[in-house]
Amino acid sequence: MKSPPTLADIADLVGGSLCGNGRITITGVAAISSAAEGDLTWVVQPQYADQLGNCRASAVLVGQDLADLPLPAIRCPDVEAALAQVLAWFCPPLPTPPPGVDPTAKVAPSASLGDGAALGPFVVVEDGAAVGPHTVLHAGVYVGPHARIGRDCRLWNNVVVRERCQLGDRVVIHPNCVIGSDGFGYYMRNGRHNRFPHLGRVVIGNDVEIGACSCVDRSKAGTTVIGAGTKIDNLVQVAHNVEIGENCVLCAQAGIAGSAKLGKWVVLGGQVGIRDNITLHDGVRVAACSCVPQDVSAGVNVAGVPAIEARQFLRVIAATHRSPELLAEMRELTKRIETLEAAANHQPGR
Amino acid sequence: MKSPPTLADIADLVGGSLCGNGRITITGVAAISSAAEGDLTWVVQPQYADQLGNCRASAVLVGQDLADLPLPAIRCPDVEAALAQVLAWFCPPLPTPPPGVDPTAKVAPSASLGDGAALGPFVVVEDGAAVGPHTVLHAGVYVGPHARIGRDCRLWNNVVVRERCQLGDRVVIHPNCVIGSDGFGYYMRNGRHNRFPHLGRVVIGNDVEIGACSCVDRSKAGTTVIGAGTKIDNLVQVAHNVEIGENCVLCAQAGIAGSAKLGKWVVLGGQVGIRDNITLHDGVRVAACSCVPQDVSAGVNVAGVPAIEARQFLRVIAATHRSPELLAEMRELTKRIETLEAAANHQPGR
Amino acid sequence: MKSPPTLADIADLVGGSLCGNGRITITGVAAISSAAEGDLTWVVQPQYADQLGNCRASAVLVGQDLADLPLPAIRCPDVEAALAQVLAWFCPPLPTPPPGVDPTAKVAPSASLGDGAALGPFVVVEDGAAVGPHTVLHAGVYVGPHARIGRDCRLWNNVVVRERCQLGDRVVIHPNCVIGSDGFGYYMRNGRHNRFPHLGRVVIGNDVEIGACSCVDRSKAGTTVIGAGTKIDNLVQVAHNVEIGENCVLCAQAGIAGSAKLGKWVVLGGQVGIRDNITLHDGVRVAACSCVPQDVSAGVNVAGVPAIEARQFLRVIAATHRSPELLAEMRELTKRIETLEAAANHQPGR
């Protein structure tokens, strides 16, 4: 265990400017609401600065524009980047098997392992597979025949990468995730579903991250693609033949049906469903719990089941929530019209 | 195998009063709709008693208020508690590795195992981890460095508990569940997502149960908390920094986004989504398939996407389902108004 | 590796008639949009034939009614069946452990293994379990005590089949799927949830397929049933005591609550939720992202949250999306009525 830094040490670490007593010791990092004495907290959005008055932290990491701080502070131009540096300082090293192959792991003679690759207990690497340099395979990982894992990757426990799939460099896959399982592809004859063989594969770009218990399927022919830099949360379904562009964000429990396409910087909220064979162009954002049934143009925000343009969705929901009163008003208007009609029918002039 | 009990034996077991022939042999337990000869069935809600006439069970477990039963019965003050006792009698012992460590398991020398702890094949327990007395780790379980598992817990196959997480006593985790994977926390710079290190951990109270393939994430700083007695179903997502109170119920495929808080006795139906950073106070109930976008006060029932008060949701849905006719009526009213207006414009008096 | 076939070879394989140069070599199979030179592509639905003009494939598999094809073709009466044959020809053999038991696997002496069963590394088969002939258990599979797996099954990595569950023949279970975990069954006393023992089991028919990270629970008493020929996608929840008929299709992330019943040929779209204790009769189809709260009659299509008849859902959604204008129109009509009323009140005749 490293000895705890002073606030001045942290200011040095992040290249920030110190405001207040730099000799206080910082023993941890915590959000405003849970910080205790010794903790460094942070403020990214200025509106949260009000809460610093009641915060028990010993110091705060802030941007350069906040004034009148009630506790010692480090000012820095990029609070989030500085926070990441501080967290990295305090974070114990990730548990990692030693470089080399655990004696219980089972590696095919024809598999290739890069320098410094670390394979934990009960790992299986099959014929012709390749594991890049400094890649970590935690206990129970399975790498199928002729799969290729890049360098500096980390596959957490029990991840399954099936045959011929390909992962770039610095890819992180969280526990119990499945890459390359067969797509859900059948054809019905005489009331029975017949499976297509699935000879496709999954190709995952550099710097992709995929959450625990998520699934990325292979297709019957062709490639399921996840673009570089895309981040996928837990329990997400990516069906066969889906193509996801670079730097997308897919929140937990989202699902993308077969052959759908996402451009770059697309963001799917939690539990979003995307229909098969549609395209979400660059920069589309889908609100949580929405279901998208058709193509969405670049940069458009959508929401709802089925999803429509997000501001229109808010108007529709507001109107819908008034619909019980609308029914009542409608009944009242009908009565007033009947009264007018009755009066008109009995007009002296008629 | 124990020899099957008589109905009188079961009456003794549950402390109920026998009505009818106590010498009949009971060979199993089954719901009314599927019971066969030899089975004991049960009635918790009186409205199901009507179905006993067509039920093939040999006897029934009932409350003290049902009259005119068409088959032998045991009356007891708490049918569910009695049913639990009977089921326990008939349930074969759960498969459990023998106390001690399977020869294929891999336990770090610095890990500590309580008396009677039972570790199955291919289990991994890392440096500094602690497994409490009489806790069972089924085949393939992984316990990360410095994680702490209480006493009398049962972690089913392939459960992953990452470093420094903490489980109370009598916790049950079902197969392929992941505790303590990294939260979904990034910050974007120049169009790329950068990961925050995640030094938080997960703390799970006594008597918690978590279903198969569910995920509970750690946060970048601070603790994800699941309160004592809370029960979580399969395929549920609990994001980083979430705090769940005691005795909550989260049905299958529910998802809770980052830093949301649930009070005590909160109930989430299946596939419910809870937005990040909101609070559901004690006793809130959310209907299945709802999406909650904002705080909910104690004791309130909500439903819908987005969720509103549940009775209002029913009114809104009823009105919404009438909206096609409403459009037609609106068109008709408009015509009638036009007629009245035309008549008014041609009035002799004008 | 087999040498690549000519187009004539493939025509022979599928029993189709050759149109064009049969001597060209076919090196792969690909969809119209991604095909390259050497690939065989296919057209199942005639409307896609237009795209063949821009397709780079060397040949196409088509039905017998398409005319004027811009590239060599094989005409066959059943394009999908022919495609399955071609894919099977090109698909490398699935990775499969050699028949017999991997030295690292742990098989109880009282378990029985059929001829040609193949158990991979780190497999566990418990007391009294039976694995049928030619069944494949990939690395990390767990088969609990007295479970029975039929013949010619394939259980992919880390699948967990708990005690006493039963799988038919030719069943395929994808990685990290859990069969027979305890249902979510509690009764509350004094604010605490008490678990019922779960002595039920899961019975899965012949030719069933279940996706990665899906969960099928056992009930406290009785049997969870999945009918022969039913296909289940990834991340699906099937709760305790559910009964699913034959040849159903459950798309990814669907969830079925406790004791619900599905007839035959029921189709659930992705992310569909089915309430507990209801029945969906034969041939019901539920649109993606819908939530079904009550029984549905045979052959009916439903959609929505809560689900209603699908065509009515489309009408309701169309009307709902017009509801903001409806509110505005309503306000305008009210004004016009007020004008009429004012005029009527000041009529000379009154």
Side-chain angles (χ1 to χ4, degrees), chain A residues 28-31 34 78 80-81 83-84 87-88 90-92 94-95 102 104 120-122 138-140 156-158 172 174-176 207 209 211-213 229 231 233-235 247 249 251-253 265 270-271 288-289 304-305 317 320-321 323-324 326-327 330 333-334 337 340-341 344 347 349, chain B residues 104 106 122 124 126 140 142 144-145 158 160 162-164 176 178 181-182 184 186-187 189 191-199 213 215 217 220-223 235 237 239 241 253 255 257 271 273 275 291 305-306 308 315-316 318-320 322-323 326 329-330 333 336-337 340 343 347-349:
Chain A
V29 189
S34 59
D78 185 337
E80 289 178 307
L83 176 60
L87 289 168
F90 280 97
C91 198
L94 289 177
D102 188 277
T104 63
F122 316 124
H138 282 272
W156 286 96
N157 306 68
N158 306 335
V172 177
H174 292 280
N176 292 3
D207 300 300
E209 190 159 345
C213 296
K231 309 297 185 184
D233 201 350
N234 300 338
L235 292 161
N247 299 310
V249 170
C251 292
Q253 297 176 315
W265 300 293
Q271 299 185 334
C289 301
V305 184
I317 283 293
T320 302
H321 286 177
S323 58
L326 200 65
L327 277 179
M330 184 75 104
L333 287 191
T334 305
I337 291 172
L340 286 164
E341 288 170 336
Q347 294 238 330
Chain B
T104 64
K106 182 150 188 171
F122 315 123
V124 176
E126 299 267 33
Y142 174 84
N158 305 335
V160 175
R162 274 189 44 190
E163 66 275 13
R164 293 179 282 114
N176 292 4
V178 177
S181 42
D182 288 358
F184 198 58
Y186 305 90
Y187 61 101
R189 287 295 171 275
R192 291 172 55 97
H193 306 286
N194 300 278
R195 161 164 285 285
F196 287 111
H198 274 61
L199 55 83
C213 295
C215 301
D217 276 1
K220 58 182 183 292
T223 305
L235 293 161
Q237 158 74 353
N241 235 19
Q253 297 175 315
Q271 300 186 334
R275 190 188 177 149
C291 187
V305 183
I308 54 176
R315 281 192 289 266
V316 166
T320 302
R322 284 209 48 217
S323 58
L326 199 65
E329 283 173 38
M330 184 75 103
L333 288 192
R336 286 163 70 180
I337 289 172
L340 286 165
Q347 293 237 332

_Heavy-atom pair count under 4.5 Å with chain B, highest-scoring of Val29(A), Leu235(A), Thr104(A)_ = Leu235(A)
*Report the option among Asp182(B), Ile337(B), Leu333(B), Asp217(B) that has the most heavy-atom pairs separated by less than 4.5 Å from atoms of chain A.*
Leu333(B)
_Is any side-chain heavy atom of Pro92(A) closer than 4.5 Å to one of Arg164(B)?_
yes
_Derivation and outcome, side-chain contact (heavy atoms from CB on, under 4.5 Å), residues Asp233(A) and Lys231(A)_ = CA-CA 7 Å; Asp233(A) 201 350; Lys231(A) 309 297 185 184; over 6 Å; no
_Which atoms of Pro121(A) approach chain B - backbone, side chain, both or neither, heavy atom under 4.5 Å_ = side chain
_For His138(A) versus Asn157(A), what's the shortest heavy-atom pair and its separation?_
CB-N, 3.6 Å
*Proximal component of Leu340(A), with respect to chain B [non-hydrogen, under 4.5 Å]*: both
*Which bit of Asn158(A) is near chain B, if near means a heavy-atom gap under 4.5 Å: side chain, backbone, both or neither?*
side chain
_I need the residue from Gly222(B), Gly140(B), Ser323(B), Cys213(B) with the largest number of non-hydrogen atom pairs under 4.5 Å to chain A._
Cys213(B)
*Output yes when Arg189(B) and Glu80(A) qualify as a salt bridge under the 4.0 Å nitrogen-oxygen rule, no when they do not.*
yes
*Do Arg195(B) and Tyr187(B) come within less than 4.5 Å of each other through their side chains, counting heavy atoms only?*
no
*Top of Asn194(B), Val124(B), Leu326(B), Thr320(B) for chain A proximity - count of heavy-atom pairs under 4.5 angstrom*: Leu326(B)
*Please round to the nearest 0.5 Å and tell me the distance separating atom CG of Asn241(B) and atom OG of Ser34(A).*
6.5 Å
*Measure Gln271(A) against the heavy atoms of chain B and call it side chain, backbone, both or neither at under 4.5 Å.*
side chain
*Is chain A contacted by the side chain of Gln237(B), its backbone, both, or neither, given a heavy-atom distance below 4.5 Å?*
both
*Would you call Glu329(B) and Arg336(B) a salt bridge, using N to O less than 4.0 angstrom?*
no
*Would you mind checking which part of Phe122(B) comes under 4.5 Å of any heavy atom in chain A, side chain (CB onward), backbone (N, CA, C, O), both or neither?*
both
*Kindly indicate, with the supporting measurements, whether the criterion side-chain contact (heavy atoms from CB on, under 4.5 Å) is fulfilled by Glu209(A) and His174(A).*
CA-CA 8 Å; Glu209(A) 190 159 345; His174(A) 292 280; 2.9 Å; yes
*Which region of Gln253(A), side chain (C-beta onward) or backbone (N, CA, C, O), has a non-hydrogen atom less than 4.5 Å from a non-hydrogen atom of chain B, or is it both or neither?*
side chain
*Go through the atoms of Ala212(A) and report whether side chain, backbone, both or neither lie under 4.5 Å from a heavy atom of chain B.*
both
*chain A contact via Val305(B) - side chain, backbone, both or neither, heavy atoms under 4.5 Å*: both
*Would a line drawn from the ring center of Tyr186(B) to the ring center of Phe196(B) be shorter than 6.0 Å?*
no
